*Asks:* 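Let me begin by handing over the structure; questions about it come next.
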Amino acid sequence: MMQMLKVSSSPHIRSRTSTDKIMMTVIISLMPCLFAGTYFFGFRALAVCLACTLGAVVCELVLCNILSHSGERDLSAVVTGLLLGLSLPVTLPIWQAVLGGMLATGLFKQALGGIGKNPVNPAIASRVVMLLSFGEMASYGFPDNIDTVSGATPLSLLRDGEVYGIGKLFFALRGGCIGETCTLAILAGFLILLLTGVISPHVTASYVGTVFLTSLFYENFDFYFALEWCLAGSVLFGAIYMVTDYVSSPTTRRGQALYGALCGFLTVVIRLYGLYPEGVSFAILLGNFAVPVIDAFVKVKVFGVEKKHV
Amino acid sequence: MLPHLKTTEDITPQSFNTPREVTLPMKMHIGKAATVSVGVGEYVGVGDIVGKADGIFSANVHASVSGRVKEILQVRLPDGSVCQGVEILSDGEHRLSGKLKVPKVSTVREFIDALFASGIVGLGGAGFPTHIKYDVGQRKFDTLIINSAECEPYITSDTHMARDCLEDVSFAIRTVCSLYGDINVIIACEKKNFMERWCREICGHVGCTLKVLSTRYPQGAEKVLIYNTVGRTVPLGALPIDAGCIVSNLSTVAEIGKYLRTGVPLVRKLVTVDGDAVLCPTVADIPIGTSVSELLEWCGGCKSKAGKILFGGPMMGVAIENTAMPILKNVNAITVFSKKSAYLPHSDMCIRCGSCLRNCPVSIDSAAVGRAVKIGDYRTAKRLGIEACIECGCCSFVCPAKISLTENNKRIKKELRAMNSSSI
């Protein structure tokens, strides 16, 4: 009674999580932001996001096939496209949004080796390139009147020492990118990610915490101003969706906390002294480059192994 | 995180006494294979020695059924190696050997000799010869931890031993205490319905300490268990005795007690038969050396065609290549998977989520180890502590990209061992 049996190395069972499921959860967690963006900015916001996602997905599929990379079906391109789309201004020409999406997955992901190999966050890197290339990137729309091309965003007001109002910042009554203006929606997404265990609060907390503390110093310990610094711009969006990116952040919890603090500090410094007011994007991009160094220095002690033995 | 699936926790074990024949490999333990000490055609009773231990780092093998020796043959073991084996055609009578007698144990030396004679090895899975473990010599031995964690899914044989062998376990504990002097005996179990109850009963009976640990795989891994029970760290490359501890599986302790009380060596084993392809999950008390096919047939067979059969549970069990394989001393479960469960998902690229590191009981970054070895950097792999890997399977289990990290780790450890021995 001989029969063919499968033989493999242990363990013989696997958990139910998978890359696709994690990506799907992130997509679901982005839905409140997408809804809020569409609600406040109108359907053009949805069009920009979808155009960006389309560009990202098409470019990913084509390049995965050409370069024979695996993972073209793991939904990560959708996540990248949506993240980028949500951090674009609503007034951006559609073709630029498509191009940005293609740039993100094409140049900053597939060309660097595919999923898991990119040293930088593709959405952030692509956003920075767009920022330096397209003048339209700096013209933030306002929720009440999307024809307003330019105007003072909370950040420029803050830099000039004016009060914007926390209430306004919380409920999207301000200028900014599609996904970053409604704090409530962002927090809803954060809750989804935390409850499903996709992210841990370490990076987010250390990032926002550092932004808060650094601006507290700058504002001579005025809590109200420091809080506004945290709610203005894309600090929260970046803290929840960008610095938490697995691939471009350190592996250890302590490393993640360090990385969050570094990005947070850079954010405030760039906001205050940079040529562009783009603190979050530049800071995270710079932080990405520090990740290999952080990973090399922050190590977890292996159980039962003495330091001097190695 | 890990499913329990202890469906056989509360059933009554059944005795299987009618295997047509048994095959007894000479190597069912860590160390040197025993040497065959019977000839073809010879009549043996239950408990007669058929394989004599070859030196100290080895273990005796005893006939598990009565009958005539049919053949001395080459047996293939689950790990792929081959050793000699004795095939005994059962006469169905299970006549005990006349040579068995209750051992006289009044000194540590006599205790060690008795363990050596009994052929008992670590029944938790490793198969480490028990007489070596208890031969502590001049080393400090102050704590005996009885490992009752049984943390793998499906497996329940220890639970049943805890319920049914109260007297044996108690006798063994009392003997060890009287021989080794002032030692602390701790029964360590997970927070679980039945196991916890039976362990509490034993502790009440014999007056030792119960340590209830959280129900979390791999709680029963030796080094993890020692740390969680007494807070001591066993360094890499050291044995529990270097931390003053001996860890014995509950079944092992029960078998020690049984031998000391009756003189019957290790010839039978409780085995959990479970898995998604098994028709009715059972706990079977079988003669060692029974073939998997005979046991499965007796248990009522499978729902569907078996796709994969494991010696042990799904986390650390060894997949066997055919059902002719005899059941060894250190097998505590036969897990049968259907064709559907036998295949593992394809692996994707690592997304650097860090789950493997966070879920590793000894904190090894398996993904980073894999990346280093891919470019031939074994020094980094060593620096990341790969040699401390206990092969529990947690990293592979949690990996969202379904990478076989544990398999990689095992291979890398093997390669490092080969490098170390060649460089000396």
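Letters go in sequence order (proteins before strands), and every chain restarts at 1. Note that the structure is predicted; figures quoted are calculated from it, not measured.
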*Asks:* Taking side chain as everything from C-beta outward and backbone as N, CA, C, O, which of these in B:F337 sits under 4.5 Å from a heavy atom of chain A? Side chain, backbone, both or neither.
*Replies:* side chain
*Asks:* Chain A heavy atoms under 4.5 Å from B:L2: which part of the residue, side chain, backbone, both or neither?
*Replies:*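 Answer is side chain: those atoms of B:L2 sit under 4.5 Å from chain A.
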*Asks:* Taking all atoms of both residues into account, what is the closest heavy-atom pair of B:A388 and A:V305, and its distance?
*Replies:* CB-CG2, 3.8 Å
*Asks:* Between B:K402 (side chain) and A:S15 (backbone), is there a donor-acceptor pair under 3.5 Å?
*Replies:*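 Yes; at least one donor-acceptor contact below 3.5 Å.
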*Asks:* So what's closer than 4.5 Å to chain A heavy atoms on B:I351: side chain, backbone, both or neither?
*Replies:*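 Both the backbone and the side chain of B:I351 come within 4.5 Å of chain A.
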*Asks:* Return yes if some donor-acceptor pair links the side-chain N/O of B:R352 with the main-chain N/O of A:S249 below 3.5 Å, else return no.
*Replies:* yes
*Asks:* For B:Y378, does the OH atom sit with more than 12 other heavy atoms under 6.0 Å from it, leaving out its own atoms?
*Replies:* yes
*Asks:* Name the region of A:K21, side chain, backbone, both or neither, that has any atom closer than 4.5 Å to a heavy atom of chain B.
*Replies:* neither
*Asks:* With a cut-off of 6.0 Å (strictly less than), are more than 12 heavy atoms of other residues, nucleotides or ligands near CZ of B:R371?
*Replies:*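 Counting neighbours around CZ of B:R371, more than 12 heavy atoms of other residues, nucleotides or ligands fall under 6.0 Å, so yes.
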*Asks:* Going through the distances and angles, do B:D348 and A:D74 end up as a side-chain contact (heavy atoms from CB on, under 4.5 Å)?
*Replies:* CA-CA 9 Å; B:D348 295 324; A:D74 63 14; 5.5 Å; no
*Asks:* Between B:C360, B:G307, B:G354, which shows the greatest number of heavy-atom pairs under 4.5 Å with chain A?
*Replies:* B:G307
*Asks:* Report which part of B:R358 has an atom under 4.5 Å of a heavy atom belonging to chain A: side chain, backbone, both, or neither.
*Replies:*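 The answer is the side chain of B:R358.
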*Asks:* Checking B:T233 side chain against A:G304 main chain: does a donor-acceptor pair fall under 3.5 Å?
*Replies:* no
*Asks:* If you count heavy-atom pairs under 4.5 Å with chain B, which of A:N118, A:D245, A:V247 comes out on top?
*Replies:*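 Heavy-atom pairs under 4.5 Å are most numerous for A:V247.
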*Asks:* Which atoms form the tightest heavy-atom contact between A:G113 and B:M349, and what is the distance?
*Replies:*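 The answer is O-CE, 4.1 Å.
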*Asks:* Counting heavy-atom pairs under 4.5 Å to chain A, which of B:E391, B:K223, B:K410 comes out on top?
*Replies:*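 Counting heavy-atom pairs under 4.5 Å, the top option is B:K410.
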*Asks:* Do you know the tightest heavy-atom contact between B:F397 and A:R14?
*Replies:* CE1-C, 3.5 Å
*Asks:* Report the option among A:V198, A:V7, A:I13 that has the most heavy-atom pairs separated by less than 4.5 Å from atoms of chain B.
*Replies:* A:I13
*Asks:* Under a 4.5 Å cutoff for heavy-atom pairs, which residue among B:V224, B:V234, B:L236, B:V318 has the most contacts with chain A?
*Replies:*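 Top option by heavy-atom pairs under 4.5 Å: B:L236.
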*Asks:* Minimum heavy-atom separation for A:P11 to B:S396, with atom names?
*Replies:* CG-CB, 3.5 Å
*Asks:* Which heavy atom of B:K308 sits nearest to which heavy atom of A:L5, and what is that distance?
*Replies:* N-CD2, 4.1 Å
*Asks:* Give, as side chain, backbone, both or neither, the part of A:D295 having an atom under 4.5 angstrom from any heavy atom of chain B.
*Replies:* side chain
*Asks:* Please flag which part of A:I22 lies under 4.5 Å from any non-hydrogen atom of chain B: side chain, backbone, both or neither.
*Replies:* side chain
*Asks:* Tell me whether the count of non-hydrogen atoms from other residues, nucleotides or ligands lying under 6.0 Å of CZ in B:R232 goes above 12.
*Replies:* yes
*Asks:* For A:K117 and B:C350, indicate whether the former's side chain and the latter's backbone hold a donor-acceptor pair under 3.5 Å.
*Replies:* no
*Asks:* Flag the one option from B:P314, B:G312, B:G393 with the top tally of heavy-atom pairs under 4.5 Å to chain A.
*Replies:*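 Of the candidates given, the most pairs with chain A belong to B:P314.
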*Asks:* Relative to chain B, which segment of A:R16 carries a heavy atom at a distance below 4.5 Å: side chain, backbone, both, or neither?
*Replies:*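 A:R16 touches chain B through backbone heavy atoms alone.
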*Asks:* Which atom names give the shortest non-hydrogen contact between A:T251 and B:D365, and what distance separates them?
*Replies:*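 Nearest heavy atoms, A:T251 then B:D365: CG2-OD2, 4.0 Å.
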